[in-house]
Amino acid sequence: MSTIPVGILGATGMVGQQFIALLADHPWFRVTWLGASQRSEGKPYREAAAWRLQAPPADGVADLTVDAATPGRAPKLVFSGLDSSVAGEIEAAFAQAGHIVVSNSRNYRMDATVPLMIPEINADHLQLLEAQAKAGWKGRIVTNPNCAAVVLAMALAPLRRFGLKTTIVTTLQAISGAGYPGVASWDILGNIIPFIGGGEEEKIETETQKILGCLNAGRIDFHPVTISAQTTRVGVQNGHTVSASVGFDHRPSVEAIVDAWRSFKGRPQELELPSAPADPIVYLSEPNRPQPTLDVDRGRGMTVSVGRLRRCPVLDYKFIALGHNTIRGAAGAAILNAELMHKEGLL
Ligand SMILES: NC(=O)c1ccc[n+]([C@@H]2O[C@H](COP(=O)([O-])OP(=O)(O)OC[C@H]3O[C@@H](n4cnc5c(N)ncnc54)[C@H](OP(=O)(O)O)[C@@H]3O)[C@@H](O)[C@H]2O)c1
């Protein structure tokens, strides 16, 4: 039974569309409200959105009229896929009006009182919400990470036990990560763009440290791993690939690392949350995997695929990881956060 009404801010965008697709058959959440910019306001959703996903939106949602992105008519729980240029102000207005905002945008991720969640890794970081209550917020803001930081953080989380010290990473990021219409075809066809704006490299470096950090007396102690990131945009439709080298205090064996990845589970699997993949990480032993076209949809887009683990002559090991940027890196991640909050009695 779908019992909890939810709204979507930025419903017309790439991430907003994934929200609608993933929530179509959700056992707990039912989409009742859609918000976007003045460009879309007042139009039926099917006219307002340039729908890019294969299966069309369900009639019940496609017929909803898009509302202004202002609090008032939306249900208490609101997912946000707003453009970051406006998310700061709009999400704050919703939180001040008493909404629980589960956001994809970068604006509040590094705020000391805002949980930056990957529930398999840091479900306990939800306790930061107590600081929002103490600060007198009527509503709450919870965030999920940058779409490339998710892939890296998932691959690194099981390696913390080996004294993870250093990471050098280069990303190959899909065009869907730039929203729609995103990067001009003239720029991306047959090309690689060695720059992603909006502080992408810094986000990967700092967000990963916060995600992997420990909750200590109501605040997060960041993980001490040093990360150096370079980001590129490539002509792939969906799926961010990460090429990483890692250094440890004491180098573990290949078998120990693969076992750490394959046995990795977290609170979502324990609670059997509806969006939780059975295996948050799969290790693929074929020498030419993971690949976006073959592996990005694993675990309904919620599994991170890792492969090519081998010795690195500079640091200790190197490997490749891949994750779905608009599902595990965006809408699916936010829905998993809301499912965890529901199970923990926080909605
Ligand atoms: N794409 C990814 O892989 C990904 C992954 C993780 C996080 N994110 C983050 O998620 C957010 C959305 O990304 P996206 O790729 O879905 O972007 P997008 O396709 O450009 O969509 C942006 C959304 O924001 C709305 N919007 C823009 N200006 C607005 C305004 N002034 N008032 C109200 N709504 C406004 C747009 O509505 P209109 O259609 O009406 O203009 C649209 O619904 C961004 O913050 C992005 O950084 C994206």
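Each ligand, and each atom within it, is numbered from 1 in the order the structure gives. Basis for what follows: all heavy atoms, side chains included, without hydrogens, waters or symmetry-related copies.
Within the 4.0 Å cut-off (strictly below), a protein heavy atom is located near atom 35 (C) of ligand 1.
Set against the non-hydrogen atoms of Ala36, the atoms of ligand 1 under 4.0 Å away are 33 (C), 34 (N), 37 (O), 40 (O). Near Tyr180, meaning under 4.0 Å from one of its heavy atoms, ligand 1 places the atoms 19 (O). Residue Gly177 has at least one heavy-atom neighbour below 4.0 Å for each of these atoms of ligand 1: 1 (N), 2 (C), 3 (O). For ligand 1, the atoms sitting less than 4.0 Å from at least one non-hydrogen atom of Ser105 are 45 (O), numbered in the order shown with element in parentheses. Atom numbering of ligand 1 starts at 1 in the shown order; those under 4.0 Å from a heavy atom of Ser40 are 38 (P), 39 (O), 40 (O). Residue Gly329 approaches ligand 1 through these ligand atoms, each under 4.0 Å from one of its heavy atoms: 5 (C), 6 (C). Ligand-side atoms of ligand 1 in range of Ile90: 32 (N), 33 (C), range being under 4.0 angstrom from any heavy atom. Of all atoms in ligand 1, listed by their number and element, those nearer than 4.0 Å to a heavy atom of Ala330 are 5 (C), 6 (C).
The protein heavy atom nearest to atom 15 (O) of ligand 1 is Gly179 CA, 3.1 Å. Closest protein heavy atom to atom 4 (C) of ligand 1: Val15 CG2, 3.7 Å. Regarding atom 21 (O) of ligand 1, its nearest protein heavy-atom neighbour is Gly13 CA, 3.2 Å. Looking from atom 1 (N) of ligand 1 to the surrounding protein, the closest heavy atom is Ser176 O, 3.0 Å. Scanning the protein for heavy atoms near atom 23 (C) of ligand 1, the closest one is Gly81 O, 3.6 Å. At the shortest separation from atom 27 (C) of ligand 1 among protein heavy atoms lies Asp83 CB, 3.9 Å. Scanning the protein heavy atoms around atom 26 (N) of ligand 1, the nearest turns out to be Ser37 CB, 4.1 Å.
Checked for salt-bridge contact, Arg262 and Asp259 miss the test: no charged N lies under 4.0 Å from a carboxylate O. The pair Asp316-Arg311 does not count as a salt bridge, with every side-chain nitrogen at least 4.0 angstrom from each carboxylate oxygen. Taking 4.0 Å as the cut-off between side-chain N and carboxylate O, Arg328 and Glu120 count as a salt-bridged pair. Ion pairing of Glu207 with Arg106 is absent here, as no side-chain N (NZ or NE/NH1/NH2) approaches a carboxylate O to less than 4.0 Å. Note on Arg109 versus Asp111: no salt bridge recorded, every NZ/NE/NH1/NH2 to OD/OE distance being 4.0 Å or above. For Asp279 and Lys265, the salt-bridge test passes: some basic side-chain N is under 4.0 Å from an acidic carboxylate O.
For the residue pair Ser176/Asn238, the side-chain donor-acceptor check at 3.5 Å is satisfied. Thr231 and Glu200 are not linked by any side-chain donor-acceptor pair at a separation below 3.5 angstrom, with hydrogens and angles left out of the test. Using modelled atom types and a 3.5 Å distance limit, the side chains of His99 and Glu91 yield no donor-acceptor pair.
When ring centroids are compared, Phe319 and Trp261 come within the 6.0 Å threshold.
Between Thr12 and ligand 1, at least one N/O pair is under 3.5 Å apart. Distances between N or O atoms of Met14 and those of ligand 1 include at least one value under 3.5 Å. At under 3.5 Å, a nitrogen or oxygen of Gly10, whether backbone or side chain, sits near a nitrogen or oxygen of ligand 1. Looking at ligand 1, you'll find an N or O of Arg39 within less than 3.5 Å of one of its N or O atoms.
Taking all heavy atoms of Asn104, Leu34, Ile327 into account, the minimum distance to atom 10 (O) of ligand 1 is reached by Asn104. Among Asn107, Val86, Thr326, Asn325, the residue whose heavy atom sits closest to atom 31 (N) of ligand 1 is Val86. In this structure, of Asn146, Val150, Leu82, the residue bringing a heavy atom nearest to atom 44 (C) of ligand 1 is Leu82.
The structure places SG of Cys214 at 7.0 Å from CZ of Arg160, a figure rounded to the nearest 0.5 Å. To the nearest 0.5 Å, atoms OG (Ser80) and OH (Tyr108) are separated by 10.0 Å. Thr167 contributes atom OG1, which lies 14.5 Å from atom OH of Tyr317 (distance to the nearest 0.5 angstrom).
Heavy-atom separations between Arg106 and ligand 1 are all 4.0 Å or longer.
The minimum heavy-atom distance linking Gly16 with Ile8 is given by the pair CA-CG2, 4.2 Å.
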